[in-house]
Protein chains: 2
Amino acid sequence: MLHGKAMIPNDVCTDCAVRDRALCGSLDDRELIALNSIGQRRRVARGQTIAWAGDEAVLCGNLLSGVLKLVAATANGREQTVGLLYPADFFGQPYAGDVDFTLSALTDTELCVFPRAAFERVLEDHQRMERLLLQRTFDSLNEARGRMLVLARKSAGEKLAGFLLDMAARAGASGCRATRDGPVTFDLPLTRGQIADVLGMTIETVSRQLTRMKQSGLIGLPGGRAVTISDREALAARAEAA
Amino acid sequence: MLHGKAMIPNDVCTDCAVRDRALCGSLDDRELIALNSIGQRRRVARGQTIAWAGDEAVLCGNLLSGVLKLVAATANGREQTVGLLYPADFFGQPYAGDVDFTLSALTDTELCVFPRAAFERVLEDHQRMERLLLQRTFDSLNEARGRMLVLARKSAGEKLAGFLLDMAARAGASGCRATRDGPVTFDLPLTRGQIADVLGMTIETVSRQLTRMKQSGLIGLPGGRAVTISDREALAARAEAA
DNA sequence: AACTGTCTTTGACCACGGTCAATGTCAGCG
DNA sequence: CGCTGACATTGACCGTGGTCAAAGACAGTT
């Protein structure tokens with residue numbers, strides 16, 4: 001087994017953009033080959049739906065690039081985005097029957113998908129990976145519960161201020177200019193309508209709150225999807241205002 | 001090992017009220033003894049708090065009787081109940097650092113608690129149990145997301161109608177008179193204020209909506225915490241009203 | 001350039017539900 | 001018995017944010 005590592009074919013997993021952050025990071029090279037044989041890459045264009053609520057749960061996998069959303073809907077068509085997924089996040093539900101929420105692409109995305117049944121077998125053989133999935137699921141649960149508080153008890157201004165800070169942190173994590181106070185500019189990956197779906201408000205209220213923040217000097221709106229955080233302090237204060 | 005079963009001491013696990021429904025149902029008698037040695041029963045009175053948000057996560061366990069609530073709070077004191085726990089439900093978060101939400105007793109309760117670290121070791125030795133926990137956590141996540149939809153997009157009347165149907169189903173599961181259409185009466189385990197905390201509204205709105213439903217003949221309010229579902233059909237319709 | 005569709009902004013209006021306040025009900029207890 | 005405290009109900013008022021409507025900005029296409 002000399003040069004064992006060098007003998008691994010240059011398959012998709014070994015040059016995976018999210019390998020160290022995704023669930024599969026818990027596997028060694030040999031195990032990755034096995035996993036690779038059941039998975040495949042797939043591109044999904046912005047706006048396309050990957051799985052519909054009510055469908056049988058046949059797929060799961062990792063998000064490689066782009067942003068996905070999970071949407072819940074009432075019988076009469078009202079919608080609420082109940083989760084956003086970013087690169088290295090896992091999607092799908094092992095051991096489930098039907099899918100509960102519609103999964104679709106907010107931007108053009110790249111996925112690494114597995115048949116659910118085959119993935120379950122991998123989980124059974126890799127307790128470490130199953131444990132990581134459990135931890136991630138707990139984290140998602142905590143996040144969902146935190147968002148219940150936001151949806152139920154925060155004002156439109158507080159919701160939006162908090163959302164912008166979240167998005168700034170996430171954008172900063174990639175560009176990663178050290179956390180300093182100066183104004184930061186980034187592009188939102190969501191339209192006003194999609195933001196409204198996430199925060200439980202309407203397009204109009206999102207728009208009005210944004211212009212209010214701009215007028216107060218908290219943010220700038222250079223155009224398009226771009227946002228500038230001009231006064232992070234004040235924005236954070238507004239996110240927790242009484 | 002003849003009469004193996006008969007030799008098991010009459011410890012707390014073997015006569016546990018929720019044994020077949022709780023997580024430990026995945027263990028055999030021998031394993032139960034091991035688990036039993038690290039767990040202990042505890043009574044918690046109505047209103048008492050078991051763990052505060054921000055504390056180190058030191059405990060987990062199963063609820064034996066009564067109802068628990070998980071509460072999230074904003075920096076300035078607004079509160080939202082983000083989960084209700086019923087007998088046989090698991091609480092706590094293995095592999096976590098700090099507790100994210102305050103856990104307290106809505107009614108007098110009986111718990112079966114384990115030190116978190118010891119429980120984690122049990123999970124490591126019992127993959128089947130860890131898998132059950134994963135499934136439960138997914139279920140909780142789906143429930144939390146479903147409630148995000150309710151909190152963000154449903155009117156006060158819809159929220160309350162849905163809540164009453166939930167509670168009736170849960171009460172019926174115990175009393176278990178076969179699902180028929182006739183009026184059913186049961187006691188809510190929550191005060192108006194606690195219902196408001198769960199549904200993201202105020203005491204006053206809960207009260208007003210209840211009297212409206214009573215006047216419409218959907219329900220009866222015999223007094224105290226009791227509720228009568230007089231017209232389940234109409235109540236279900238109101239839970240999904242446009 | 002003009003046309004199209006999508007997204008955004010802004011205004012006018014108003015309803016749902018929150019806030020404040022008073023009163024009612026009931027159990028426990030000195 | 002009449003307190004007391006917790007919980008519930010009802011009313012009056014009003015603000016936040018939803019609805020409806022119109023106009024503006026912008027990218028892509030022919």
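Chain A is the first sequence line, chain B the second, and so forth, proteins listed ahead of strands; every chain is numbered from 1.
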Quick one: [X] [atom1] to [N] [atom2], roughly how many Å, whole number?
X        : N      : atom1 : atom2 : result
A:Arg78  : D:dG17 : CZ    : C1'   : 16 Å
A:Arg153 : D:dT16 : CZ    : P     : 17 Å
B:Glu158 : D:dG18 : CD    : P     : 15 Å
B:Leu151 : C:dG18 : CG    : P     : 12 Å
B:Arg212 : D:dT9  : CZ    : P     : 15 Å
B:Ile219 : D:dA8  : CD1   : C1'   : 14 Å

A:Glu158 and B:Arg78 ion-paired at < 4.0 Å: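 Looking at A:Glu158 and B:Arg78, the cut-off is met.
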Among B:Arg43, B:Arg41, B:Arg19, B:Arg42, find the one that has a side chain to side chain contact (heavy atoms under 4.5 Å, CB included) with B:Leu64.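 Among B:Arg43, B:Arg41, B:Arg19, B:Arg42, the one meeting side chain to side chain contact (heavy atoms under 4.5 Å, CB included) with B:Leu64 is B:Arg41.
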Only one of A:Asp55, A:Thr49, A:Ile50 passes side chain to side chain contact (heavy atoms under 4.5 Å, CB included) with A:Leu103; say which it is.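 Only one option passes, and that is A:Ile50.
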Short side-chain to backbone donor-acceptor contact, B:Gln80 and B:Asp197, under 3.5 Å: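 The answer is yes, because a donor-acceptor pair under 3.5 Å joins these two groups.
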Return yes if a side-chain donor-acceptor contact under 3.5 Å exists between A:Gln93 and B:Asn142, otherwise no.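 There is such a pair between these side chains.
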Any cation-pi pair here, B:Arg136 with B:Phe90, using under 6.0 Å and within 45°?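 Relative to the ring axis of B:Phe90, which defines the angle, B:Arg136 lies outside at least one limit.
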With sugar-phosphate taken as primed atoms, P, OP1 and OP2 and all else as base, the protein-contact string of nucleotides 7-17 of chain C at under 4.0 Å (heavy atoms; B, S, -) is SSBBBB----S
